[in-house]
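By convention in this document, chain letters (A, B, ...) are assigned in the order of the sequence lines, proteins followed by strands, and residues within each chain are numbered from 1. Please read these numbers as outputs of a predicted model, since none were measured by experiment.
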There are 4 protein chains.
Amino acid sequence: MSEVSLIISREVIALTKKNPSERKEEIRKAAVQVISNLGFHKTTTDKIAEAAGLSVGTIYNYFEDKEEILSYIFEVEREKLKSFFSDLNDSAQSPAKKLRLLLDRHFEMALENKKESKLLIDHRQMPVRKVSVEILDYSILLKSCFQSILEEGIASGGVRDDLDPELISGMIIGAADSVVVKSFFTDESPDEIFKGVSERIIRALLHGILSSKNQQV
Amino acid sequence: MSEVSLIISREVIALTKKNPSERKEEIRKAAVQVISNLGFHKTTTDKIAEAAGLSVGTIYNYFEDKEEILSYIFEVEREKLKSFFSDLNDSAQSPAKKLRLLLDRHFEMALENKKESKLLIDHRQMPVRKVSVEILDYSILLKSCFQSILEEGIASGGVRDDLDPELISGMIIGAADSVVVKSFFTDESPDEIFKGVSERIIRALLHGILSSKNQQV
Amino acid sequence: MSEVSLIISREVIALTKKNPSERKEEIRKAAVQVISNLGFHKTTTDKIAEAAGLSVGTIYNYFEDKEEILSYIFEVEREKLKSFFSDLNDSAQSPAKKLRLLLDRHFEMALENKKESKLLIDHRQMPVRKVSVEILDYSILLKSCFQSILEEGIASGGVRDDLDPELISGMIIGAADSVVVKSFFTDESPDEIFKGVSERIIRALLHGILSSKNQQV
Amino acid sequence: MSEVSLIISREVIALTKKNPSERKEEIRKAAVQVISNLGFHKTTTDKIAEAAGLSVGTIYNYFEDKEEILSYIFEVEREKLKSFFSDLNDSAQSPAKKLRLLLDRHFEMALENKKESKLLIDHRQMPVRKVSVEILDYSILLKSCFQSILEEGIASGGVRDDLDPELISGMIIGAADSVVVKSFFTDESPDEIFKGVSERIIRALLHGILSSKNQQV
DNA sequence: TATGAATGAGTCTTCATTCAT
DNA sequence: CATGAATGAAGACTCATTCAT
């Protein structure tokens, strides 16, 4: 067998046999697809398999059971978020700018990846037994990211210290979610909807909603 | 059939038969109870029947199917909210005060009726096919209530007119939900958690989060 | 409603609606039927349901799961055996006679109820997790019955006291089982096969197999 | 392919390739191991492969299907027994002595090879469709060995001729099995349990269980 | 109307077997 | 021959819904 043919046969292998993590990734994507269309409970293992172009049995070679697929989806999203937030913290930005960038990412993700985004907003209701305690839930993680920035702002004196960072984080995420949810049900192009939203959220948050002339309502 | 037995049977009927709307209400309450304990998907019709002290079959005399029970639950909640909001609008309060009062109601309900409250926050996930378009979703209604007050504030000049009322409503609801959700998972007494929250949310909303000395962050 | 019509309506109920224990008994019989034909592992819940003239779901109204059906079958058999043995002990028979009668019952049951009998002999292999320790296994119970008679014989001096009653019980049951098993695979009528077997087993057991003239082999 | 790589590949082959019967034997041993631990039905082909240090596919190069593995296991055991019995018959022992030696072998095997032993006792329950009629079942073979010795005893006059050798064989095997089964579930060391059992079984069998003084029970 | 036993379509999950490499 | 990922038929179990009483 010549060296060339050896290489060829390697290529052939590469084309047909996937390495395990690729397969797992395919299944994850298919699951995200189906779950965000149908919701977790109407999503059957058969449908995930079909969407992934596999047979049911194969799914069980990569995941213990149906719930583990969901756990894995969130695990991946958490890792992405952690990584982004770590980079964000390494950059020398003002807290306000950081809030903006974190929100921007939120909307960019929603744009690029409607499915994941829908799923992430919806997930609170899913009865996932197996997600162990030590693994932070995605929404808790997201909130803690915003909290962390706010606390930094308080520490540096820019942000009022009589605020509850957790509460304010809830406000930010709530505002963002309401926009994303709106984008699910509107015909308007998401681009249009998301344009300038981070900006507006942050501005309202920083300066309040009162008109400058009259500070009484 | 003897007279005696007739009387007896009347008494029996008197004891068991209720007027239809009472029965429906009993079933609704039982369903709220069970659903908020177990989540919609682990809630079986048998369990609802048991909680209502009825048999399964009876439920189907008052509701077409399981989903209709859920629709009805939200219908009732929407009616309550509409009624409250109507009264609120009739009162001569400032917009800021109205926002406070609407938030207060939110938390009072959460306190009094943890079950309904949990359910209302959770409902987005429920696969209710039959909720027809014309029936406004509870959360949409709630948002529109806040929006309406904000628009009033803008009209009267107290609130800045460069804000998106929908966005700000989302912020308020997001903040509120995050507190309520927190109360589900914490050992702290809900009274303690909810004390002064409306106040704090409104204050942050009105004046922003920047420290007064330094308006740059 | 007259008394007569009351009674009639009760009878009507009696004819159509079975009381729970009757249904359970029907399922038990169907299960015995199917299991002894196919073995426990090839017996599907569907087949049991079909044999019982019911649908799968109904079975699960009476049994927790498939294994519980098996547990129940043995529970019933153990109860029957206990009851028989209790009566046997109340009678004033010699130990030898008791052994005979217990064996006779064994074969009578095998005759009348081939299915149950096959199942009882086969059951050791079935992976029944749920049979709790305190519930004596049928075969252990049967052995303990024989043991008990033998110990009585030893106590009264008729039986040698240098024997291990457990071992001898094993001998008796082994002999009996081998005959019953043979009856499963032979064309000979079971009546013919079982005729006089108890007698022969007991005789061999009591006096041994050596020819009387020569006590050396 | 260069010469070097050829040599390497030959060495690899030399390390992994075994002659077919060795491989088959490895698989057989692994299967015995796994089956007697888990029972036939919880034994998967994957587990057998793992225990054999092979991959599933390989097993199917040596066996048609899963059941054939089981057939083969018993085939091997039957051959071993036949060989032993042939040697036993060639020796000039009294029938009583032969019974003793055959029983001794039974218990020695149980001692040495708990796994096989358990499997042999349990096998009646296994749903082996493919074991063809011409292949004698192990337990039938064992019984026929005992029968043959007993018939020799009858022929030579030492054993009473009014006995059914098949029945007596059943007694012996039943007694033996009950001891072996006991050893599976007891903490007592098997050595202790098996010590002198053959002796005791044969003695009881030869002379019966009646106390010598009193031949009535 | 109330009852609740019966129904059976629908799910998740397992595992013997195949086959491309 | 060895490999082991992929297959998909089969089975246990659930539960919304019906209907005879």
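The nearest whole Å value for the distance from the NZ atom in C/Lys42 to the P atom in F/dA10 is 14 Å. Taking atom CG of residue D/Asp46 and atom C1' of nucleotide F/dA5, one finds them 11 Å apart after rounding to whole Å. As rounded to whole Å, 17 Å separates atom P of F/dT14 from atom NE2 of B/His41. As a whole-Å value, the separation of B/Leu38 CG from F/dT14 P is 15 Å. In this structure, C/Lys66 atom NZ and E/dT14 atom P are separated by 15 Å, rounded to whole Å. The interatomic distance linking A/Glu50 (CD) with E/dT11 (P) rounds to 13 Å, in whole Å. Atoms CD1 (B/Ile35) and P (F/dA16) sit 11 Å apart, rounded to a whole Å. F/dG11 atom P lies 17 Å from atom CD of C/Glu67, rounded to whole Å.
F/dT7 is paired with E/dA16 under the criterion used here, namely a Watson-Crick or G-U wobble arrangement in which both key atom distances are under 3.5 Å. Shown here, E/dT21 forms a base pair with F/dA2; the pair counts as Watson-Crick or G-U wobble because both key distances fall under 3.5 Å.
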In sequence, state the C-alpha distance, the side-chain angles, and the governing distance for C/Arg78 and C/Glu75, and then conclude on side chain to side chain contact (heavy atoms under 4.5 Å, CB included). CA-CA 5 Å; C/Arg78 281 195 304 274; C/Glu75 193 186 320; 3.8 Å; yes
Chi angles and distances behind the side chain to side chain contact (heavy atoms under 4.5 Å, CB included) call for D/Tyr62, D/Glu68: CA-CA 10 Å; D/Tyr62 296 90; D/Glu68 218 200 70; over 6 Å; no
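Mapping A/Val56 and B/Thr43 onto DNA chain F by nearest heavy atom places A/Val56 closer to the 5' end of the strand. Projected onto DNA chain F by closest heavy-atom contact, D/Gly57 and B/Gly57 fall at different nucleotides, the more 5' of which corresponds to D/Gly57.
For B/Thr58, no side-chain nitrogen or oxygen approaches OP1 or OP2 of E/dT1 to under 4.0 Å. A/Asn61 has no side-chain polar atom (N or O) that falls below the 4.0 Å cut-off from OP1 or OP2 of F/dA5. The phosphate of E/dC12 has OP1 or OP2 within less than 4.0 Å of a side-chain N or O from A/Thr45. Between B/Arg23 and E/dA2 there is a side-chain polar atom (N or O) within less than 4.0 angstrom of OP1 or OP2.
Counting any heavy atom pair closer than 4.0 Å across all strands shown, C/Thr44 reaches sugar-phosphate atoms only and no base atom.
Here B/Arg28 pairs with B/Glu25 in a salt bridge; the nearest charged N to carboxylate O distance falls below 4.0 Å. Using a 4.0 Å cut-off between a side-chain N of Lys or Arg and a carboxylate O of Asp or Glu, C/Lys29 and C/Glu26 do not qualify as a salt bridge.
Between D/Ile69 and D/Ile35 the shortest side-chain heavy-atom distance does not fall below 4.5 Å.
Each of F/dT7, E/dT13, E/dT18 was ranked by its minimum atom distance to the side chain of D/Tyr60; first place goes to E/dT18. Across F/dT17, E/dA2, F/dA2, the shortest atom-to-atom separation from the side chain of B/Tyr62 is found for E/dA2.
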